[in-house]
Structures are given as structure tokens and as C-alpha cells.
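Everything quoted here is computed from the prediction, not taken from an experiment.
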Amino acid sequence: MTRSIIDPITRIEGHLRVEMEVENDVVTDAWVSGGCFRGMELCVTGRTPEDAAQIVQRICGVCPISHAHASSIAAERAYGITIPNNARIIRNLLEGAQFLHSHILWLYNLAGLDYVNPLNALTANIADTYALAEEAGTSANTDFKALQEQLKKFADNGQLSIFSGNWFDADGGKAFKMTPEADLICTAHYLEALKMQAKASQISALLGGKMPHVMTLLPGGTAFVPTESKLDDLKALVDDLYDWVSTTVLQDTLVIASFYPEVFDFGKGCGRYIAWGVFERPSMEYADRYLPMAVLDDALNVSDVDEHLITEYMGRSWYKGSDTYASPYFVTEPEFTSYDVNDRYTWVKCPAYDGKPYEAGGLSRVLAAYQRKVPEVVDMVDDVLAALGARDVAALQNTMGRTGVRQVETVYIAGLMKEWVAELCEAVKGGDSEYFRPAEHISGAGTGLWEAPRGALYHSESVKDGKIDGYQIIIPSTWNLAPMNENGEHGPMEQALIGCPVEDIEKPINALRTVHSFDPCTACAVHITEKRTGKTFETVTSPWGVK
């Protein structure tokens, strides 16, 4: 039996352990363990819904706006509030800025280093680099020669900083397959992406008062009131983001994919998808969102969402009992026992829809929008499929498909941001000055079905006389990191890991690529078991490369 422990895997937020059993160079079994108890439901009980919209943002510093949004929607449904049109537009812009920040961060700075080796760019031919950028249709705004010279100084110094601790030598040095020219282009865009993330966060801070953990999004609408100068700033930032995104992210994804055709062969997961929908249209109906709500079965047939089919099983997680609860329910009773993959092994509960595991995230949203025939999404997905030589969207159900197709959404949202800015300017010019509506009654129950960048987000609350007496949250990574259910069926990420090829037991790069493709809201340690040997390997690496 061989064990390999890598702790931590960088480029993931939080705490995650993935234990895999490998036989004949393939993962044959997997267990995903979330190592952090959240318990935020307990923090908001007895507080007002207005407090809750602020408190639940602390679940995550990357996607706090989504939690404030879902919480506010739950309160608005409990109170019977329909927010004003201006608030709808501003909240869409606030959410869109966060999505753009998260998607850009994830592609270039988190998942990207599973495919891009910046040190390989040291040998790039500069003329060939510009030619490749032109052929790929991607941005060439960086001075590639100057960047290469900077990289050489960086490498000669021996302090690799943000590029340290990665597995560039995995699979005997064969794991990273891009040419030096492609690596130089993507390294340039890695650095540009840092600036674009800052612009997205500036939008969030402009509209939300600060970022992370915005202050203006609250049940009833928004506390942000636009001025002429703020609208000017907003438009400039949105235009800059759109100009960069539209010429970079999807083009780079196709360049990366062209070097790794084998990554389309593994990582499918459970093959069923959920999306609660995100970005409100004027109708404010769940079914009419810019990215629509849908449930997709294993044949990608679409059906509407029935909240009462959402359940959570406790029998494999560190909570009291082994019951399966139907949502909404308000039970959060932690009870740590021990880590045992044959019993309980995670703080993540096991959500299901109609008794089955479902995947959430960018792939789920894009498939939902495609099957719901959102025109812009259909056109871009069809273009991607044509570029890949694929016949239908089933070709996207794998590690590379999950990684790449999310950028269709990035481009779509960047375009919507321009539309919403124009819409807000027209509303203000027309004299619309309503941004908030108070509650007429302060008791009731409501659910906020929404999307965070990582997938389907569920907040449900019961309110009595203005105080919360029950609260439930199911975050996107709970769906994806779910442990085995009561029938012994693995969760989506566990299923995606099974079948991954592992050539290098000490650096299982394809398993890492698969984990990163879900963009889990955790940091993680990976623990691998191979029965045929008995070898043990362990390494602990800090972000600075110190062992």
C-alpha cells in the first residue's frame, strides 16, 4: 500500500483533504473531507435579517456578496418585499463585479498553474509569441520581451515566490506541455489578471462601500445612491474589464486546451447539474434570470427546480445523528468523532436533489443557460464546441470542459455589466430615485435561491417579530464536496476523481487539475493510497517554497 500526503495544496481557499486509492495508475476510490466547521447558521439565530445579510458574508472573503444577496432574497420573500428596479440593477452590478473578480482569479492565478509553467517562458521566441497571440486572437498588450527579461531576473534570483511549490516537474517533467511561447502569453495574462481583479473589486467597493464584505446590500434593496461622478467611475471600470475579458479569457482557455487533449478524458463527476439562477431581470422571477434556474438530469434534460426535493444526509459527516433532512430545516448540531472513510470523514454535509448527488458551479450554469437557449451563451458555446471539434455539450463534462467553459460565462457577464451601467444611467436621468422599500410585516419564512461564482447557493430563514428563529445555508462547495450518501454513492468531486490517471504517485497532477476544476471554497491536503507498493511519501510546502 502506497500513501502520498501533500499538505497543503495551494491555490484553494479553506481546508480540504482528498484521499484517493490508486491501482494500476488510476484512481479507483476517493473520499473528500472538508476540514472546517462553519456553523454560521448558529451565529444569526436571534438576530434580525438585516444583521444576517451582513454576518453571513463572513462565510467567504471571495464571494461575500453572493451570501448577502441570498440572505436578503430570503428575507424579502419572508417579508413580501419586491425591491425597486434601481436596486435590482445595482445589485446585479455588484454581483457581476464579484463574479468577474472570482472567475479571473480562478482561471489565471488558481487553476492556471496546473497547465502554465512561467519558467518555461524563459526560452520563448518573442516573434513567435506575437504570432501565436495573433493566431489565437488573444491580447498582446504586454511587452513580451520586457516580461521575459523580468522573468529571467526573477528566476536567477532563486526566490520563485508565487510560482514556488507547484508541480512543474510532475510525471517526469512531461505533465506541462505548452510551448514556451504559449507559456509566455499566459504568464503575461496572469500578471494582467491581477490588475483586472483589482478593477472588479473597485466596482464592488464603489457600489458596496468596501470589499470584501459590502455594506450597502440589505433586505429591501440597496443603500447605494449613484452620483454623476460615481457613474462615470463605474462606466470606466466596467469598460476596462469588458475590453480585457472579451479579448483574453476565452481565447486563452482554447490555447491551453489545445495542448492538453487528454484532460478531456477524465473528471466527469456525477453528470447531473443544478443551477438556481443569478442576475435579476425586471420581472424578478426565478425562471427569468439572465443565467437561468434549471435542474439537468444525466441526459442533460432540463426541469424546473422544486425546493422540496432538496435534502441533506448526516450519516457520513461530523454532526449528530444519521438522518436525512428535507429543506428547509434548521438543525446544525456538530459532533466530531474521528476521521474514518468507512464511517464519518468530513464537516461537509451531504446534499442531494431528489435523492441524488448533483454538481454545482460554472459548468452547471452554462449547461443550464445552453439548454434554456440563452442566445449569447448558445452562440459562444457553439463556437467553443466548433473550435474543439466536438459535436455537443456532452463533450464538456470533464476536467478540461469544466475548467474552460466557465469563461463563456465570464464574457457573457462582462457584456451584461455594460448593459446594466447604461440601464442605470437612463433610470437616473429619467428621475427614478427609489432604491429601497421597507417591510410592511416582519414575520414569515423565505428562501433565497441564488448563485455564487462557485455554484448554487441556498439561504433559508424563518422570522418571527423581526428576529430569526431558524436559518439554513447550503453553499456550492457543499454540493460538490459531498461525502457518500445513504446509498453509498459518492459525491460529485469524489466521482470525478475516480478514473483520473496517476503517473506520478508523489505528484498526482491530474487529480489536482480535477480538484481545481471545481474551484472548491477550501484549501486542501491530498492523501493517496496505492495498494500494490507500500511506499510512503509526504511533503509540506509553504507558499514561499520552504519545506
> Is it the case that R272 places NZ or CZ above or below the six-membered ring of Y353, under 6.0 angstrom from the centre and within 45 degrees of the axis?
Replying inline: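 No, R272 does not sit over the ring of Y353.
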>> Using a 6.0 Å distance limit plus a 45 degree cone around the ring axis, check whether K177 lies over the aromatic ring of F259.
In response: no
[X] [atom1]: over 12 foreign heavy atoms closer than 6.0 Å:
X: K210; atom1: NZ; value: yes
X: Y79; atom1: OH; value: yes
X: K418; atom1: NZ; value: yes

Assess whether a salt bridge exists between [X] and [Y], defined as any Lys/Arg side-chain N lying under 4.0 Å from an Asp/Glu carboxylate O.
X: R372; Y: D304; value: yes
X: R47; Y: E41; value: no
X: E280; Y: R91; value: no

Side chains of [X] and [Y]: do they bring a donor and an acceptor to under 3.5 Å?
X: H69; Y: E95; result: yes
X: Q54; Y: H213; result: no
X: N120; Y: D183; result: yes
X: T138; Y: T248; result: no

> Can you name the one residue among W106, F279, Y412 that meets ring pair (Phe, Tyr, Trp, His ring centres under 6.0 Å) with F99?
Replying inline: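 Exactly one pass, corresponding to F279.
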>> When you measure from the side chain of T216 to the backbone of L207, do you find a donor-acceptor pair of N or O atoms at a distance under 3.5 Å?
In response: yes
